Amino acid sequence: MMPFQSPNLDDRDFNQLVEEGKRRIARDCPQWTDLSPGDPGIVLLEVFAYLTETMIYRLNRLPEKAYIEFLRLIGVKLNPPSAAVASLKFH
């Protein structure tokens with residue numbers, strides 16, 4: 001069986017996750033004005049961004065067996081390996 005190229009399921013990195021978190025803070029908690037690195041809330045945001053980045057890294061490196069199982073769950077059927085066939089015509 002030819003190996004599949006696993007898709008990159010999520011390509012966000014630490015900085016993107018932190019910036020997304022800060023945008024949500026500004027939108028949902030306008031009274032939270034201290035977004036400096038020393039703020040305890042920002043420290044927690046950075047910890048969760050780091051942990052999320054680690055999870056994304058592992059998610060994007062699923063083994064082929066899991067990837068094939070996910071394909072099966074969405075209805076993709078893989079054909080077993082078979083010999084190549086070619087039609088030749090001589091003149």
Side-chain angles (χ1 to χ4, degrees):
M1 181 186 312
M2 190 170 141
F4 289 104
Q5 178 65 30
S6 297
N8 196 7
L9 300 173
D10 194 345
D11 61 353
R12 294 177 294 172
D13 63 8
F14 173 80
N15 292 326
Q16 291 171 325
L17 292 166
V18 169
E19 289 307 313
E20 183 180 337
K22 287 181 179 180
R23 282 193 304 271
R24 285 181 172 241
I25 290 169
R27 185 187 71 212
D28 297 336
C29 302
Q31 65 274 18
W32 184 351
T33 57
D34 184 11
L35 300 179
S36 67
D39 181 65
I42 298 301
V43 171
L44 285 174
L45 172 67
E46 290 176 351
V47 167
F48 285 118
Y50 172 78
L51 293 172
T52 302
E53 182 183 39
T54 304
M55 288 177 12
I56 288 171
Y57 175 81
R58 293 194 58 179
L59 175 69
N60 286 330
R61 275 135 191 90
L62 284 174
E64 184 177 335
K65 183 177 180 181
Y67 182 63
I68 291 170
E69 185 62 23
F70 291 144
L71 288 174
R72 188 189 67 74
L73 287 172
I74 61 172
V76 175
K77 296 203 183 260
L78 298 176
N79 295 327
S82 62
V85 177
S87 298
L88 299 176
K89 188 174 186 180
F90 294 100
H91 292 279

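Everything numeric in this text was worked out from a predicted model, so none of it was measured.
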Discussion item. Go through it in stages, so that I can follow the logic: the residues are Glu20 and Gln16, the test is side-chain contact (heavy atoms from CB on, under 4.5 Å), and I'd like the CA-CA distance, side-chain angles, deciding distance and then a yes or no.
Written reply: CA-CA 6 Å; Glu20 183 180 337; Gln16 291 171 325; over 6 Å; no

Fill in: Full working for side-chain contact (heavy atoms from CB on, under 4.5 Å) between Phe14 and Val18
CA-CA 6 Å; Phe14 173 80; Val18 169; 3.7 Å; yes

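Exactly one residue among Lys22, Arg12, Glu46 makes a side chain to side chain contact (heavy atoms under 4.5 Å, CB included) with Leu17. That residue is Arg12.
By the neighbour-count criterion of 12 heavy atoms within 6.0 Å, atom CZ of Arg27 is densely surrounded, having more than that number from other residues, nucleotides or ligands.
What you find for Trp32 and Ile42 is that their closest heavy atoms are CZ2-N, 3.9 Å.
The cluster map of Ile, Leu, Val, Met, Phe, Trp and Tyr, joined by side-chain heavy atoms under 4.5 Å apart, puts Leu45 and Leu51 in the same cluster. Clustering ILVMFWY residues whenever any of their side-chain heavy atoms sit less than 4.5 angstrom apart, transitively, puts Tyr57 in a cluster other than the one holding Val47.
To the nearest 0.5 angstrom, Ile25 atom CD1 is 11.0 Å from Gln31 atom CD.
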